[in-house]
Amino acid sequence: MTLHREIIKDAAIGVGFATTPKGLSSIEHPGCAAAIWQRQPSDRFQAWIDGLRPETLPKARITLRPDMVRAAMINLVEASGIQDCDERTMLADDVAAMGLIFANVLRVPYLRLRLETVSTNACQKFHVDTVTARLICTYRGSGTQYGISTDGAEPGSIYNIPTGSPVILRGTLWPNAPRTGLFHRSPPIEGTGETRLVLVLDPISALEGGSDEHFIH
């Protein structure tokens with residue numbers, strides 16, 4: 001991924017923009033409902049991931065320590081049958097970096113990692129997640145949409161987060177923060193033939209027993 005020098009600026013609607021990963025910590029600023037790391041994937045990487053057959057895209061739902069994300073990703077891409085190449089390593093390395101960055105910002109020892117392929121209108125209603133915060137990064141396809149609504153109706157202006165740009169969004173469990181009116185959703189793509197690959201990270205403060213979820217310690 002191509003990185004740029006750091007510039008942080010807060011939009012009027014409470015969205016912080018940055019051009020280095022350090023800028024994602026702006027989610028902690030008062031009134032910042034979302035922080036976006038603006039970056040441009042390399043043409044080579046994007047052409048590679050866009051050219052993969054949808055059935056080979058890696059999928060996962062696991063809870064693990066941030067330092068275990070890279071090893072888990074290597075296992076996932078190998079199991080999916082994706083041919084070994086520089087771009088495959090780039091994907092594993094980038095997801096691992098997202099895990100470390102997010103865990104550092106949220107100060108948590110564990111993460112719930114989801115890699116999802118989406119080809120329908122999943123989560124098409126604008127909403128706020130019932131979490132403290134969530135990181136979303138779309139590696140393939142249209143990025144997450146967001147907008148402001150003061151009455152719960154669909155936002156009048158809708159914005160797309162660029163493909164490859166991670167966003168940290170505050171959820172309803174963010175402590176001591178008033179509602180900002182910032183909502184998000186997956187973009188409606190049903191019928192377009194598009195298949196998205198989306199990374200979702202949630203913070204986990206402690207592991208809970210009795211779950212069917214896969215844990216990696």
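When a residue number appears, it is its place in the shown sequence, counting from 1. Remember, it's a predicted structure, so these values are computed and weren't measured experimentally. FYI, side chains are in, hydrogens and waters are out, and symmetry mates aren't considered; it's all heavy atoms of this structure.
Looking at Tyr139 and Asp94, their side chains come closer than 4.5 Å, going by heavy atoms from C-beta outward. In this structure, the side chains of Phe183 and Lys125 stay at 4.5 Å or more apart for every pair of heavy atoms. With a 4.5 Å cut-off on side-chain heavy atoms, Arg196 and Ser186 count as touching. Contact check for Thr132 versus Pro175: side-chain heavy atoms found under the 4.5 Å cut-off. Looking only at side-chain heavy atoms (C-beta outward), Phe126 and Pro155 come within less than 4.5 Å of each other. Counting only heavy atoms from C-beta outward, the side chains of Arg39 and Pro166 approach each other to under 4.5 Å. The side-chain heavy atoms of Leu91 and Glu87, taken from C-beta on, include no pair separated by under 4.5 Å. Side-chain atoms of Thr117 and Pro54, non-hydrogen and from C-beta on, never get closer than 4.5 Å to each other.
Residues Ile204 and Pro109 come closest through the heavy atom pair O-CD, 3.6 Å. Here the closest non-hydrogen pair linking Ala133 and Phe102 is O-CZ, 3.7 Å. Residue Ser142 comes nearest to Ile189 through the heavy atom pair OG-CG2, 4.4 Å, listed as atom of the first residue, atom of the second, then distance. Closest heavy-atom contact between Ile27 and Trp174: O-CZ2, 3.7 Å. The shortest non-hydrogen separation linking Tyr110 to Thr63 is CB-CG2, 4.4 Å. Contact detail for Asp50 and Gly141: the closest heavy-atom pair is OD1-N, 4.5 Å.
Crowding of Gln83 atom CD: a count of heavy atoms from other residues, nucleotides or ligands under 6.0 Å not exceeding 12.
Put simply, CD1 on Ile168 and CG on Leu201 are 9.0 Å apart, with the number rounded to the nearest 0.5 Å. Note that CZ of Arg53 and OG1 of Thr195 are 12.5 Å apart. Values are rounded to the nearest 0.5 Å. Atoms CE and CD1, from Met73 and Ile62 in turn, are 8.5 Å apart once rounded to the nearest 0.5 Å. Once rounded to the nearest 0.5 Å, the distance linking CG of Leu115 with CZ of Arg61 reads 12.0 Å. With rounding to the nearest 0.5 angstrom, the CH2 atom of Trp48 is 5.0 Å from the CD1 atom of Ile82. To the nearest 0.5 Å, atoms CG (Leu113) and CE (Met68) are separated by 12.5 Å.
At a cut-off of 3.5 Å, with distance as the only test, no side-chain donor of Gln46 or Thr163 sits close to an acceptor on the other residue.
Asp129 places no side-chain N or O within 3.5 Å of a backbone atom of Gly171 that could act as its donor or acceptor partner. For Arg134 (side chain) and Val200 (main-chain N/O), no donor-acceptor pair under 3.5 Å exists by modelled atom type. No donor-acceptor pair closer than 3.5 Å links the side chain of Arg112 to the backbone N or O of Asp202. At distances below 3.5 Å, at least one donor-acceptor pair connects side-chain atoms of Ser42 with backbone N or O atoms of Phe45. His127 places a side-chain N or O within donor-acceptor distance of the main-chain N or O of His184, the cut-off being under 3.5 Å. Using a distance-only test at 3.5 Å, with no hydrogens or angles considered, a donor-acceptor pair links the side chain of Arg140 to the main chain of Leu52. In this structure a side-chain-to-backbone donor-acceptor pair under 3.5 Å is present from Ser80 to Thr56.
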- Query: Should Arg70 and Thr89 be marked as a side chain to side chain contact (heavy atoms under 4.5 Å, CB included) after you check the CA-CA gap, both sets of side-chain angles, and the distance that decides it?
  - Reply: CA-CA 9 Å; Arg70 189 181 188 281; Thr89 301; 3.8 Å; yes

Could you go step by step and tell me if Ile36 and Val15 meet the side chain to side chain contact (heavy atoms under 4.5 Å, CB included) rule?
CA-CA 7 Å; Ile36 300 172; Val15 178; 3.7 Å; yes

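Val131 is not connected to Val108 by any chain of hydrophobic side-chain contacts under 4.5 Å among Ile, Leu, Val, Met, Phe, Trp and Tyr, and they are in different clusters. Tracing side-chain contacts under 4.5 Å through hydrophobic residues (I, L, V, M, F, W, Y), one reaches Val167 starting from Tyr159; they form part of the same cluster. By the rule that hydrophobic residues join a cluster once side-chain heavy atoms approach within less than 4.5 Å of another member, Ile158 and Val128 end up as members of one cluster. Linking Ile, Leu, Val, Met, Phe, Trp and Tyr residues whenever their side-chain heavy atoms come within less than 4.5 Å leaves Leu100 and Leu64 in two separate clusters.
A search for side chain to side chain contact (heavy atoms under 4.5 Å, CB included) contacts involving Pro188 returns Asn121, Gln145, Arg185, not counting sequence neighbours.
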